[in-house]
Amino acid sequence: MIRLSATLLLIFLFTFSLSAAAKVTPSERIEETVNQVLKVLKDSSLGRQDRRDQVKEIVRKRFDYESMSQVILAANWRKASQPQREQFITLFRELLEQTYFSAIDTYSDQSVRMGRERTKGKLANVQTFIVAANKELAVSYKMRFRNDDWYAYDVAVDGVSLVSNYRTSFRNLVKSKGMEGLLAELAQKVASLKAKNKNSEQAPATAEK
């Protein structure tokens with residue numbers, strides 16, 4: 001009876017997991033996120049910093065920065081201490097956020113068209129196209145199903161993978177300066193971008209005076 005109950009429980013949990021996965025497709029999750037971002041970008045009542053903060057919050061919910069960090073660091077992830085891993089995740093997330101703030105600030109009514117989706121087990125690739133002035137820029141998202149939802153762990157713009165780019169440059173940095181050297185470089189880069197973005201936020205107000 002105990003074995004039967006355990007078997008039935010496992011079947012129930014497996015079936016529940018499959019039904020949870022079936023509730024939303026990777027494409028639907030990306031489309032939902034993109035629409036949320038576009039809604040914020042089109043809201044003329046928002047100031048620049050409010051717009052940045054809202055987009056940041058939306059994107060953080062959909063990107064799996066830990067998985068991205070593991071793939072980027074590869075063997076160096078396994079060698080890193082837990083505090084180093086946590087610091088890298090935080091700095092890398094801030095690096096991406098501070099980098100895409102410039103794209104947010106220059107938004108000019110572009111739209112997004114959904115493309116095809118390819119799914120294999122718990123991994124998926126979702127293709128989208130940013131449409132502007134009769135031109136399209138291909139942006140695809142690699143996604144992984146975990147914790148009952150789909151999360152992005154890589155982005156390829158016009159075929160160029162963000163993860164692959166950073167993996168190469170960070171591997172070289174760790175090789176020449178060690179993990180602590182990489183973290184120091186990242187911290188410096190993030191601080192520089194934050195200062196630059198802060199100045200761009202204050203510029204309109206200064207100009208008006």
Side-chain angles (χ1 to χ4, degrees), residues 10-43 51-74 77 85-86 88-104 106-107 109-132 134-168 170:
L10 287 173
I11 292 173
F12 170 77
L13 291 174
F14 180 70
T15 305
F16 178 80
S17 176
L18 288 178
S19 63
K23 284 182 179 179
V24 60
T25 67
S27 291
E28 289 170 341
R29 190 56 87 206
I30 287 295
E31 186 172 21
E32 174 191 57
T33 303
V34 167
N35 287 338
Q36 289 175 347
V37 170
L38 289 177
K39 183 178 179 181
V40 172
L41 296 181
K42 292 177 179 179
D43 189 345
R51 187 176 291 110
R52 290 173 176 178
D53 289 343
Q54 289 192 30
V55 170
K56 180 171 65 176
E57 184 178 351
I58 294 167
V59 173
R60 279 192 180 187
K61 291 178 181 178
R62 191 50 43 209
F63 275 79
D64 184 350
Y65 290 104
E66 182 174 350
S67 290
M68 292 175 77
S69 299
Q70 290 180 35
V71 175
I72 288 171
L73 290 179
W77 175 267
R85 292 176 180 180
E86 292 174 358
F88 179 85
I89 293 171
T90 299
L91 288 171
F92 181 66
R93 183 186 65 211
E94 291 182 342
L95 174 68
L96 294 185
E97 290 173 350
Q98 296 298 324
T99 300
Y100 68 62
F101 278 163
S102 59
I104 293 174
T106 57
Y107 173 76
D109 206 32
Q110 294 92 339
S111 61
V112 176
R113 177 174 70 83
M114 298 299 298
R116 66 182 180 180
E117 170 194 310
R118 288 181 292 184
T119 305
K120 186 176 181 180
K122 292 188 175 183
L123 299 178
N125 188 290
V126 178
Q127 192 177 47
T128 69
F129 298 90
I130 298 177
V131 184
N134 298 321
K135 295 181 181 180
E136 293 190 340
L137 178 66
V139 180
S140 62
Y141 299 85
K142 287 186 178 180
M143 310 203 52
R144 176 178 285 118
F145 187 78
R146 59 181 297 188
N147 299 327
D148 295 332
D149 209 341
W150 290 97
Y151 297 92
Y153 67 93
D154 191 12
V155 182
V157 179
D158 206 17
V160 179
S161 163
L162 178 147
V163 164
S164 295
N165 259 358
Y166 280 115
R167 183 165 52 203
T168 301
F170 288 174

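This structure is a prediction, so every number in the text was calculated from the model and none was measured. In what follows, every heavy atom counts, from backbone to side chain, and hydrogens, waters and symmetry copies are set aside. Numbering starts at 1 and runs along the sequence shown.
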Open item on the list: Over 60° means perpendicular and under 30° means parallel, so tell me whether F88 and F92 are parallel, tilted or perpendicular.
Closed with: parallel
Would you give the length of the straight line joining atom [atom1] of [X] to atom [atom2] of [Y], rounded to the nearest 0.5 angstrom?
| X | Y | atom1 | atom2 | value |
| --- | --- | --- | --- | --- |
| Q70 | I89 | CD | CD1 | 7.5 Å |
| E28 | K23 | CD | NZ | 13.0 Å |
| K42 | Y107 | NZ | OH | 4.5 Å |
| K56 | I104 | NZ | CD1 | 9.5 Å |
| Q127 | I30 | CD | CD1 | 12.5 Å |
| L137 | D158 | CG | CG | 5.5 Å |

Set of residues satisfying side-chain hydrogen bond (donor to acceptor under 3.5 Å, both in side chains) with respect to [X], sequence neighbours excluded:
| X | answer |
| --- | --- |
| R60 | E97 |
| N35 | none |
| S27 | E117 |
| N165 | none |

Open item on the list: Run the ring pair (Phe, Tyr, Trp, His ring centres under 6.0 Å) test against F63 and tell me which residues pass, sequence neighbours left out.
Closed with: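 Applying ring pair (Phe, Tyr, Trp, His ring centres under 6.0 Å) to F63 gives none.
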Task: Set of residues satisfying ring pair (Phe, Tyr, Trp, His ring centres under 6.0 Å) with respect to Y141, sequence neighbours excluded - done: none
Task: Residues V59, Y65; criterion side-chain contact (heavy atoms from CB on, under 4.5 Å); working and verdict - done: CA-CA 10 Å; V59 173; Y65 290 104; 3.7 Å; yes
TODO: Report the C-alpha separation of V71 and D154 in whole Å, then their side-chain angles, then the decisive distance to 0.1 Å, and conclude whether the side-chain contact (heavy atoms from CB on, under 4.5 Å) test is met.
DONE: CA-CA 9 Å; V71 175; D154 191 12; over 6 Å; no
- [ ] Quickly, which of R62, R144, E66, M68 forms a side chain to side chain contact (heavy atoms under 4.5 Å, CB included) with Y151? Name it, please.
- [x] R62
Task: side-chain contact (heavy atoms from CB on, under 4.5 Å) between V157 and L162, worked out - done: CA-CA 8 Å; V157 179; L162 178 147; over 6 Å; no
TODO: Mark yes when over 12 heavy atoms from residues, nucleotides or ligands other than E57 sit less than 6.0 Å from its CD; otherwise mark no.
DONE: no
Task: Nearest heavy-atom neighbours spanning R52 and F101 - done: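 The answer is CB-CE2, 3.5 Å.
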Open item on the list: Can you give me the closest heavy-atom contact between V24 and R29, atom names plus distance?
Closed with: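 Closest pair (atom of V24, atom of R29, distance): CG1-NH2, 3.6 Å.
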Any sub-3.5 Å donor-acceptor pair from [X]'s side-chain atoms to [Y]'s backbone N or O?
| X | Y | answer |
| --- | --- | --- |
| R51 | D43 | yes |
| T128 | V139 | yes |
| T168 | S164 | yes |

Are any non-hydrogen side-chain atoms of [X] and [Y] less than 4.5 angstrom apart?
| X | Y | result |
| --- | --- | --- |
| M114 | V126 | yes |
| T99 | L95 | yes |
| S67 | R146 | yes |
| T119 | W150 | yes |

